[in-house]
Every structure is written in C-alpha cells, then in structure tokens.
Amino acid sequence: MDLITVFIIAVGLGIDAFSVAIGIGAANEKKSWPPVLRLASAFGAFQFFMPVAGWFAGLTVVSIIDSYDHWVAFVLLAFVGGKMIREGFAEEKEEEKTDRTKGMPLLLLSIATSIDALAVGFSFSLLKTQIIIPAVIIGLVCFAMTAVGMLFGKVLAGIFGKKVEIFGGAVLIAIGIKILIDHL
C-alpha cells in the first residue's frame, strides 16, 4: 500500500478525534499546552495501537467486536457529551469541571475515537500489508489533528464562551449517533 493511501486513511480515521478535540478544547478551562499534549498523545497512541491490535487479532476477534463496536463508541461519546452539556448548563459556582484530558474521560474518549482503527488494522492483515509504518503514520496524523482541534476549540471558547461547552457536548453525541447510523 502506498504512503498517499495510508495518509488518506489516517486523515479519515483522525476526523472523529479532530471533532472531539474541538469540543474538549472549547470546554477545557485550562488554556495551556499540557491538556493539548495529553489529549493528542492519548488519541495518537490509541490510533497507533488499535490498527496493530486489529492486524494481529485476525478475523475471529474483529468479527466479534464488529457486531457491537458502534454501540460502544456511541455509549462512550454520549456519556461524555451528556456530561459536558450538563456542566455547560450548571452554575459557575459549581465545583471545578472535569478535565477530560485526564483519567477515565480520557480513556473513554481515546477508545471511542479509535475503534474504527481496529477494523482498518484487520483489513491491512487481509491485504497482507505490513502494519508498523501505516500505524505510525496513523498515530502521528491523529496526534496532529487532535492538537489542532484542541487549539481551534480554545479559540471558539474565547469567542462564544460557555455556550461552546454545550455545543461541544452536542457534537460528541452527534458523532456517536453518526457512528451508530453508519454501522446500522
């Protein structure tokens, strides 16, 4: 498989991560590099490892996961998106908001945005394509797209304020619904 094709696949896989990163960047109160780097690193790492796992898994595991992977992604994105919307409507005096670039929210979002990469890795194994270079490209492209998405989300938050968090949560839920519809 040529590098241009791998790059196009990487951008396609990174679109969900980019969209989620915009919502997280808009909602994140910390306007510094560590949250950007945490989210971009986690999303990039998952986008690297999932194709490798899919490549090694083979037909058995992918066919089992394929029947419900879209539901997993939907539930994870709806859960985090719903929490963002709730926090967007909450009063300012409420305790500090959850940092979605740490802990369980980061893990859930990383899994939800990289499930499709598992199937891509499996298809690479069917095509008898080596996986390491494509996985590295996929991970790096996702890292870059996530970082850009976070920064873009921060700009939107500066312009629109708290409404962006509600919008970001709605975007996460919409991505989950899109994944669900695409697979049904």
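Checking each of Ile137, Ile138, Val136, Leu140 against Phe48 for a side chain to side chain contact (heavy atoms under 4.5 Å, CB included) leaves exactly one that passes, namely Val136.
For the pair Val52 and Ala135, the tightest heavy-atom approach, listed with the atom from each and the gap, is CG2-CB, 3.7 Å. For the residue pair Ala147 and Ala40, the shortest heavy atom distance occurs at N-CB, 4.0 Å. Taking all atoms of both residues into account, the shortest heavy-atom contact from Ala17 to Thr146 is CB-OG1, 3.7 Å.
Atom CD1 of Ile133 sits in a sparse spot, with 12 or fewer heavy atoms from other residues, nucleotides or ligands closer than 6.0 Å.
If you chain together hydrophobic residues whose side chains sit under 4.5 Å apart, Val141 and Ile8 never meet in one group. In the hydrophobic cluster analysis, where Ile, Leu, Val, Met, Phe, Trp and Tyr join through side-chain heavy atoms closer than 4.5 angstrom, Met104 is grouped together with Leu106.
In this structure, Leu118 and Pro51 have side chains that are not in contact, with every pair of non-hydrogen atoms separated by 4.5 Å or more. When side chains are defined from C-beta on, Phe124 counts as touching Ile9, because their heavy atoms get closer than 4.5 Å. Side-chain contact between Val20 and Leu39 is absent, with no heavy-atom pair separated by less than 4.5 Å. Two residues are said to be in side-chain contact when any heavy atoms from C-beta on lie closer than 4.5 Å; Asp116 and Met50 fail this criterion. Under the 4.5 Å side-chain criterion, counting only non-hydrogen atoms from C-beta, Leu156 is in contact with Ile22.
Summarising the geometry, atom CD1 belonging to Ile115 is positioned 13.0 Å from atom CZ belonging to Phe74; distances are rounded to the nearest 0.5 Å. Expressed to the nearest 0.5 Å, how far CG of Leu109 lies from OG1 of Thr101 amounts to 10.0 Å. Of the inter-residue distances, the one linking Ser114 atom OG with Phe46 atom CZ reads 6.0 Å to the nearest 0.5 angstrom.
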Exercise for review: Mind running side chain to side chain contact (heavy atoms under 4.5 Å, CB included) on Trp55 and Thr129 for me, showing each step along the way?
Suggested key: CA-CA 9 Å; Trp55 192 80; Thr129 300; 5.6 Å; no

Practice item. Take Phe143 and Leu37 through the side chain to side chain contact (heavy atoms under 4.5 Å, CB included) test and state the conclusion after the steps. Key: CA-CA 9 Å; Phe143 176 91; Leu37 295 176; 4.1 Å; yes

Practice item. Determine, step by step, whether Phe18 and Thr113 satisfy the side chain to side chain contact (heavy atoms under 4.5 Å, CB included) criterion, reporting the C-alpha distance in whole Å, the side-chain angles of both residues, the deciding distance to 0.1 Å, and the verdict. Key: CA-CA 9 Å; Phe18 175 75; Thr113 58; over 6 Å; no

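Looking at residues two or more places apart in sequence or on another chain, you find a side chain to side chain donor-acceptor pair (under 3.5 Å) between Thr5 and Asp2. Taking Lys178 as the reference, Asp182 meet the salt bridge (Lys or Arg N to Asp or Glu O under 4.0 Å) condition, with sequence neighbours excluded.
Remark: side-chain polar atoms of Gln47 are paired, donor with acceptor, to backbone N or O of Leu13 under 3.5 angstrom. A donor-acceptor pair is defined here as one N or O able to donate and one able to accept, closer than 3.5 Å; no such pair exists between the side chain of Lys154 and the backbone of Ala27. Distance alone, capped at 3.5 Å, places no donor-acceptor pair between the Ser41 side chain and the Arg38 backbone.
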